[in-house]
Amino acid sequence: WNTLHITRDINVADIRKYFETELSRIDKDKVTDRAVNLLLEKSEGSFIYAREIIKYLKKYGVGLDEIEFLPTGLYELYTETFRRIFGTGGKVRFEDVVPLLEFICITPEEPTPAFVRDYLEWGERETNERLDALSSLIAVKEDKIEIVHKTLKDWLVSHELSGEYFVSETDGYERLRKYIKCAYETGNRFHPLCLKHYGMVLCELVKRVGGEKRAKYLTELMNILNDRDFQIKRIDNLTLDSGLKLYVSEINFVFENDKS
């Protein structure tokens with residue numbers, strides 16, 4: 001307990017110092033102990049919050065005399081940021097970016113803008129506008145789309161936390177399956193997304209749906225497991241050890257879930 005207590009004190013001290021430095025850069029004359037203490041309390045000990053709330057203050061021009069009205073904790077900050085982005089009747093609506101957020105939430109991939117255009121059939125202008133709208137939480141770095149932190153995914157996929165900004169993982173898996181299945185059936189079955197994620201997507205859908213859909217996805221999974229060339233290519237692509245482990249785990253999954 002003592003070690004944890006000491007570590008927490010060090011973290012709080014670091015966050016306090018960060019707030020003092022960054023607030024001074026925003027408005028040196030208005031930095032007070034009260035302002036720093038309020039932000040420290042609202043951060044709940046999260047350095048991610050500290051970093052993001054400073055970005056929020058700068059982006060939206062929030063004055064230091066308004067700190068007491070700022071959201072508390074990361075999840076409240078995400079909610080308020082989405083309201084700022086989509087609740088003002090701007091050109092980009094939340095519904096416009098849902099497909100992109102779905103993909104980000106269900107895979108560890110960091111897609112390129114070019115992939116997003118292909119995957120979602122967005123034009124270059126649409127893609128740029130939508131990425132710009134999300135720029136406070138999603139950034140393009142070295143041609144890769146990165147989210148601010150994993151907690152953003154956790155918030156998005158929890159209806160209890162995100163409410164009107166909820167993103168359905170099931171819908172995301174359905175959309176990704178259609179894209180992968182199309183590639184698989186039109187002569188592009190060795191597409192990297194097919195090799196890396198086809199089995200995973202089908203397993204996730206089997207867990208989440210019932211009835212005829214569930215049976216269809218199980219059959220589809222068995223078909224790709226019986227596709228010898230596809231499995232050999234996947235093992236080559238993922239390395240022997242990882243590929244074989246994935247193959248065996250998916251076979252076990254079928255046995256556990258196929259009651260026919």
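Quick caveat, the model's predicted, so the values are computed rather than measured.
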Dump the intermediate steps for side-chain contact (heavy atoms from CB on, under 4.5 Å) on I147 and E110, then the final yes or no.
CA-CA 9 Å; I147 65 167; E110 293 179 343; over 6 Å; no

Checking side-chain contact (heavy atoms from CB on, under 4.5 Å) for the pair I67/R34: CA distance, chi angles, key distance, verdict?
CA-CA 10 Å; I67 281 178; R34 180 176 181 274; over 6 Å; no

Test side-chain contact (heavy atoms from CB on, under 4.5 Å) on V254 and L221 and set out the steps.
CA-CA 8 Å; V254 169; L221 178 58; 3.6 Å; yes

Y18 vs R51, side chain to side chain donor-acceptor pair (under 3.5 Å): CA-CA, chis, key distance, verdict
CA-CA 8 Å; Y18 177 79; R51 185 187 68 194; over 6 Å; no

Go through the steps to decide whether R175 and F103 satisfy the test side-chain contact (heavy atoms from CB on, under 4.5 Å), and finish with yes or no.
CA-CA 9 Å; R175 192 187 307 274; F103 182 84; over 6 Å; no

Please walk me through it: do E109 and H197 pass side chain to side chain donor-acceptor pair (under 3.5 Å)?
CA-CA 10 Å; E109 300 286 334; H197 297 307; 2.9 Å; yes

Evaluate D96 against R93 for salt bridge (Lys or Arg N to Asp or Glu O under 4.0 Å), listing each step before the verdict.
CA-CA 5 Å; D96 295 330; R93 302 168 304 152; 2.9 Å; yes

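Residue K55 qualifies as enclosed at atom NZ: its count of foreign heavy atoms under 6.0 Å is above 12. No more than 12 heavy-atom neighbours from other residues, nucleotides or ligands sit within 6.0 angstrom of NZ on K245. More than 12 non-hydrogen atoms from other residues, nucleotides or ligands lie less than 6.0 angstrom from NZ of K216. Within 6.0 Å of the CD atom in E66, the count of heavy atoms belonging to other residues, nucleotides or ligands exceeds 12. Heavy-atom contacts from other residues, nucleotides or ligands closer than 6.0 Å to CD of E160 number 12 or fewer. Enclosure of atom CG in N252 by more than 12 non-hydrogen atoms of other residues, nucleotides or ligands within 6.0 angstrom is indicated. More than 12 heavy atoms of other residues, nucleotides or ligands lie within 6.0 Å of NZ in K153, so this atom counts as buried by the packing criterion.
No side-chain heavy atom of N237 sits under 4.5 Å from any side-chain heavy atom of P192. Residues L70 and L57 are in side-chain contact: their nearest non-hydrogen atoms beyond the backbone lie under 4.5 Å apart. For the pair L195 and L238, the minimum side-chain heavy-atom distance is 4.5 Å or more. F86 is listed as a side-chain neighbour of V97, based on a closest heavy-atom distance under 4.5 Å. Between S168 and Y173 the shortest side-chain heavy-atom distance does not fall below 4.5 Å.
A donor-acceptor pair is defined here as one N or O able to donate and one able to accept, closer than 3.5 Å; such a pair exists between the side chain of N257 and the backbone of F253. A donor-acceptor pair under 3.5 Å links the side-chain atoms of T79 to the main chain of Y75, judged by distance alone. In this structure, E129 contributes its side chain and E126 its backbone to no donor-acceptor pair below 3.5 Å. In this structure a side-chain-to-backbone donor-acceptor pair under 3.5 Å is missing from E174 to T170. A distance-only check finds a donor-acceptor pair linking the side chain of Y119 to the backbone of L176 [under 3.5 Å]. One N or O on the side chain of N226 and one on the backbone of M222 form a donor-acceptor pair closer than 3.5 Å.
Just one of E250, K181, E220, H191 meets the side-chain hydrogen bond (donor to acceptor under 3.5 Å, both in side chains) condition when paired with Y198; it is E220. Each of L101, V98, L137 was checked for a side chain to side chain contact (heavy atoms under 4.5 Å, CB included) with L156, and the lone residue meeting it is L101.
Salt-bridge formation is detected for the pair R189/D229: a Lys NZ or Arg NE/NH1/NH2 atom is positioned less than 4.0 Å from an Asp or Glu carboxylate oxygen. The pair D154-K150 meets the salt-bridge criterion, since a charged nitrogen lies less than 4.0 angstrom from a carboxylate oxygen. Salt-bridge formation is detected for the pair E22/K58: a Lys NZ or Arg NE/NH1/NH2 atom is positioned less than 4.0 Å from an Asp or Glu carboxylate oxygen.
Atom CD of E204 is separated from atom OG1 of T107 by 12.0 Å, given to the nearest 0.5 angstrom.
Ring centroid separation for the pair Y78 and Y165 does not come in under the 6.0 Å cut-off. The distance between the ring centers of F166 and W155 does not fall below 6.0 angstrom.
Ring geometry for F115 against Y179 counts as perpendicular: the plane angle is over 60°, on a 0 to 90° scale with 30° as the lower cut.
For the 3.5 Å distance criterion, the side chains of R228 and Q231 fail to qualify, holding no donor opposite an acceptor.
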